[in-house]
Amino acid sequence: MKYLYRIYQLFIAIPIFVVWSVFIALLVLIGCLLGGGHFFGYYPPKIWSWVTLKLFLIPVKTEGRNHLEKGQSYVFVANHQGAFDIFLVYAYLGTDFRWMMKHQLMKIPFIGVACKASKQIMIDKSGPKRIRESYEEAMNIMRKGISVMVFPEGSRTFTGHMGKFRRGAFMLADELQLPVVPLTINGSFHIMPRTRDWHFLNWHPMTLTIHQPFYPIGKGRDNILAVMNDSYQSVMSALEPQFQGYVENPDQ
């Protein structure tokens, strides 16, 4: 079955995915330039992700969507197991949001331009001024009632285990007094671990667990640390047993 799946990827799934991705990127770019940023910044990428998971025959299970209230803005935080995390969250979270992502992703052909046009938040860590500008952009978006999605580890895991969380996402939530929603992703590490970029995918089911929101208990350092620690424990609690426990991520 493994080799049949690889043949299917090589001759069917990957060629369709490339064409499909270029089409969606152009659709997002044109739609946003014509003034439809709210719609084209979310729904075409959501459909792109859903079709991609179906194309690669990845089954998905979602738990806890009932924890989200319609019309409420959130800061979503999740573990970062692999590249397919993006497709899973886009396709199955079920609420409009913008990503906070590394500005290096702007270099990806077509996708990078579409991300810029759709107002995804590019985090530039080249200096304190650039970092502050990135966070001000995020706050402006959240003030408009749009949620933000963050991988607070900052990079994909090498082992499937979680590294430490950075404070940035929780500082944003604290500044605007917004609830933080932890998400646990399972399965992505099996499909395409970081150490196997640009290799064939491994078939594996994925699960997205949406935990109960953590609302502010005050404002300032104590609130930031409390919500960050509670979120970390929530994400950890739903990980597969083999990935339980902290493991240092070398590039954090």
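All values below were derived from every heavy atom in this structure, side-chain atoms included, with hydrogens, water molecules and symmetry-related copies excluded.
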Distance flag, aromatic centroids of Tyr90 and Trp50, threshold under 6.0 Å:
no
Can you confirm whether more than 12 heavy atoms, excluding those of Tyr8, are under 6.0 Å from its OH atom?
yes
Would you say Arg65's side chain and Tyr92's backbone share a donor-acceptor pair under 3.5 angstrom?
yes
Main-chain N/O of Ile210 paired with His67 side-chain donor or acceptor, under 3.5 Å:
yes
Main-chain N/O of Ile185 paired to Asn79 side chain as donor or acceptor, under 3.5 Å
yes
Can you confirm whether more than 12 heavy atoms, excluding those of Gln212, are under 6.0 Å from its CD atom?
no
Is a donor on one side and an acceptor on the other found under 3.5 Å between the side chain of Gln81 and the backbone of Thr157?
no
Is the backbone of Tyr215 close enough, under 3.5 Å, to the side chain of Gln177 for a donor and an acceptor to pair up by distance?
no
Regarding Glu240 and His190, do their side chains bring together a donor and an acceptor under 3.5 Å, going by distance alone?
yes
Does Asp174 reach the main-chain N or O of Gly220 with its side chain, forming a donor-acceptor pair under 3.5 Å?
yes
I'd like to know if the side chain of Asp85 pairs up with that of His80 as donor and acceptor (distance under 3.5 Å, no hydrogens or angles considered).
yes
Is there a path of hydrophobic side-chain contacts, each under 4.5 Å between heavy atoms, that joins Leu29 and Phe23?
no
If we ignore hydrogens and angles and just use 3.5 Å, is the side chain of His211 paired with the main-chain N or O of Pro182 as donor and acceptor?
no
Flag if over 12 foreign heavy atoms under 6.0 Å of CE, Met236
yes
Side-chain donor or acceptor of Thr184 paired with backbone N/O of Val235 under 3.5 Å
yes
Shortest non-hydrogen contact from Cys32 to Gly37?
SG-CA, 3.9 Å
Give a yes or no answer on whether the side chain of Ser147 reaches the backbone of Tyr74 with a donor-acceptor pair at less than 3.5 Å.
yes
Between Lys46 and Ala91 (side chain of the first, backbone of the second, donor and acceptor by atom type, cut-off under 3.5 Å), is there such a pair?
yes
Assign the ring pair Phe56 / Phe84 to parallel, tilted or perpendicular, where the plane angle (0 to 90°) is split at 30° and 60°.
perpendicular
Quick check: are there more than 12 heavy atoms from other residues, nucleotides or ligands sitting under 6.0 Å from NZ of Lys61?
no
With a 4.5 Å cut-off on side-chain heavy-atom distances among I, L, V, M, F, W and Y, is there a chain of contacts connecting Val18 to Ile86?
yes
Could you pull out the closest heavy-atom pair between Trp99 and Gln120, with the gap in Å?
N-OE1, 2.8 Å
